[in-house]
Amino acid sequence: MKMKRILVSGGAGFIGSHLCTRLTEEGQGVICLDNLFTGSKRNIAHLEGKDNFKFIHHDVEFPYMMDEVDEIYNLACPASPIHYQYDAIKTIKTSVLGAINMLGLAKRTNARILQASTSEVYGDPAVHPQLETYWGNVNPVGIRSCYDEGKRCAETLFMDYYRQNGVRIKIIRIFNTYGPNMLPDDGRVVSNFIVQALKNEDITIYGSGEQTRSFQYIDDLIEGMVRMMRTEEDFIGPVNIGNPHEFSILSLAEKVLRLTGSKSKLVFKPLPHDDPKQRQPDITLAKSKLDWRPVIELDEGLERTIEYFKRLMACK
Ligand code: NAD
Ligand code: UDP
């Protein structure tokens, strides 16, 4: 197999670091671009020093020049609500200018480019489960809009570069994904609950905990993402990549308590504005076009993630 030159923006983050590991292990030449806002050098420490891996500190708000690249995975963007709301204007710039800069690079080099879009493009969905044909129910002026609308605009840019310039695009819509390499203070629900449980601190349930999410383990996502990049030229998506098994936040908390054997208590906090009530992917398209389906169920994925956080906390 000829080695490909593959650029991963956001490669030091949670998902990006797993993708860089997978591609480096395959023997591809991987260039990881990251400004380390929510990413960490620890996530890619095992790759540094390898001949086929290179880390470059770069902010995708600004153009990045390369003579040759075969594939670009565009992941740069904070994904946890507390981090993307920390500097909302920066989040929009990252999504929109980052997409323009990466699409410009793809256009110049004739690279394939995959956008890591999100189930957030469906907002607080009025259609359940969510199919790719659903246009969503998104508040354009709320506290989540910097992320949701930034990602929607990025999808629009991808489609327009495809229609207008023939850029070779792929769009995936990722549903809530969890696993090792999430930051302990990431703020997303799975890492929050595990870290709280391991410290025997209160488990913070926002709202009643009856809202639902469908949680996908990282290895399933990486497989779906790589398969999507390698589909035939004319299949561009968008395609949902997620685990359709849906859980309430309360039942997630109970699972984490059981699997950790924690003495933590559940405490109820206010529900953040515009917090979606339900979310479940319809993955019929991914099954037929990628021959893909998630194989790791929540208990198993949680056990692996709990082990990761135990090791991490023991090192401190
Ligand atoms: P993450 O925050 O761990 O990773 C994002 C990475 O992007 C970090 O390494 C961060 O430092 C980097 N980054 C942020 N702004 C940047 C900029 N301006 N220039 C360069 N690098 C920048 O989040 P994640 O969960 O790994 O998410 C990765 C991608 O997948 C994001 O685009 C996110 O929107 C998308 N996504 C994730 C999920 C999920 O459940 N994890 C769901 C849907 C979509
Ligand atoms: N959530 C919670 N406690 C936490 C963190 C999150 O109850 O400590 C809830 C949050 O309100 C939302 C769900 O868990 O309903 C998923 O939140 P997350 O930030 O992980 O992802 P997103 O809302 O973007 O799907």
Side-chain angles (χ1 to χ4, degrees), residues 8-20 32-41 43-44 55-62 64 73-85 87 90-99 101-102 114-121 124 144 147-148 150-151 154 172-179 181-183 186-196 202-216 218 221 225 240-242 247-250 252-253 256 266-279 281:
V8 180
S9 82
F14 159 51
I15 297 173
S17 58
H18 287 272
L19 181 63
C20 286
C32 165
L33 284 194
D34 205 296
N35 71 349
L36 298 181
F37 173 50
T38 50
S40 160
K41 284 283 209 114
N43 287 342
I44 48 167
F55 171 77
I56 295 171
H57 195 287
H58 180 80
D59 190 319
V60 295
E61 200 187 307
F62 304 97
Y64 182 73
Y73 288 86
N74 187 36
L75 273 64
C77 187
S80 163
I82 56 164
H83 289 126
Y84 70 63
Q85 288 164 22
D87 185 346
K90 175 74 185 172
T91 299
I92 302 183
K93 285 183 177 171
T94 293
S95 269
V96 175
L97 297 176
N101 288 327
M102 290 298 117
L114 180 144
Q115 169 67 355
S117 190
T118 168
S119 53
E120 289 285 321
V121 300
D124 188 7
R144 293 175 83 99
Y147 183 74
D148 300 7
K151 287 285 185 176
I172 59 168
R173 291 181 180 154
I174 304 169
F175 283 65
N176 296 66
T177 305
Y178 67 97
N181 295 5
M182 296 182 93
L183 293 174
D186 176 89
R188 282 176 280 186
V189 68
V190 174
S191 47
N192 267 12
F193 284 3
I194 292 177
V195 171
Q196 289 163 345
D202 290 344
I203 304 267
T204 52
I205 310 269
Y206 301 161
S208 66
E210 284 159 16
Q211 70 272 32
T212 67
R213 294 292 186 273
S214 303
F215 298 103
Q216 158 174 249
I218 182 68
L221 167 63
M225 204 179 233
N240 290 336
I241 303 286
F247 294 88
S248 71
I249 296 306
L250 213 45
L252 173 72
V256 171
L266 303 185
V267 295
F268 292 84
K269 302 268 184 187
L271 188 67
H273 281 291
D274 295 335
D275 199 282
K277 283 182 276 309
Q278 55 182 2
R279 206 181 269 157

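Both backbone and side-chain heavy atoms feed into the values below; hydrogens, waters and symmetry mates do not. We count ligands from 1, going down the list as the structure has it; atoms in each ligand are counted the same way. Just so it is clear, the model here is predicted, and its values are computed rather than measured.
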* To do: With sequence neighbours left out, write down each residue that passes side chain to side chain donor-acceptor pair (under 3.5 Å) with D202, or none if nothing qualifies.
  => none
* Structure fact -> For H83, the ring pair (Phe, Tyr, Trp, His ring centres under 6.0 Å) test, sequence neighbours excluded, returns none
* To do: Give the atoms of ligand 2, by number and element, whose distance to some non-hydrogen atom of P81 is under 4.0 Å.
  => 19 (O), 24 (O)
* To do: With heavy atoms only and a cut-off of under 4.0 Å, state how Q211 meets ligand 2: side chain, backbone, both or neither.
  => side chain
* Can you pull the residues with any heavy atom under 4.0 Å from ligand 1? -> G10, A12, G13, F14, I15, D34, N35, L36, F37, T38, G39, H58, D59, V60, L75, A76, C77, P78, A79, T94, A116, S117, T118, Y147, K151, I174, N176, T177, R188
* **Interfacing atoms of ligand 2 (cut-off 4.0 Å, heavy-atom, R144)** => 22 (P), 23 (O), 24 (O)
* Those residues that, when tested against Y178, pass ring pair (Phe, Tyr, Trp, His ring centres under 6.0 Å) (two or more places apart) -> Y217
* Heavy atom under 4.0 Å from ligand 2: found in T204's side chain, backbone, both, or neither? -> both
* Asked: For ligand 2, which atoms have a heavy atom of F193 less than 4.0 angstrom away?
  -> 3 (N), 4 (C), 8 (O)
* Using heavy atoms and a threshold below 4.0 Å, how should the contact between V190 and ligand 2 be classified: side chain, backbone, both, or neither? -> neither
* Asked: Considering only heavy atoms, does E210 approach ligand 2 within less than 4.0 Å through its side chain, its backbone, both, or neither?
  -> neither
* Are any non-hydrogen side-chain atoms of L250 and I205 less than 4.5 angstrom apart? -> yes
* Any atoms of ligand 2 less than 4.0 Å from a non-hydrogen atom of R188? List them with their elements. => 19 (O), 20 (O)
* Structure fact -> Of I205, N176, D275, D186, the one whose closest heavy atom lies nearest atom 15 (O) of ligand 2 is D275
* With a 4.0 Å heavy-atom cut-off (strictly under), which part of R279 contacts ligand 2: side chain, backbone, both or neither? -> side chain
* Point-to-point distance, once rounded to the nearest 0.5 Å, from OG of S9 to NE2 of H58 -> 9.5 Å
* **Those atoms of ligand 2 less than 4.0 Å from some heavy atom in N192** => 4 (C), 5 (C), 8 (O)
* Asked: At a non-hydrogen distance cut-off of under 4.0 Å, which region of V189 contacts ligand 2 (side chain, backbone, both, or neither)?
  -> both
* Does some non-hydrogen atom of E120 fall short of 4.0 Å from ligand 2? -> yes
* Asked: Side chains of Q211 and S248: donor-acceptor distance under 3.5 Å anywhere?
  -> no
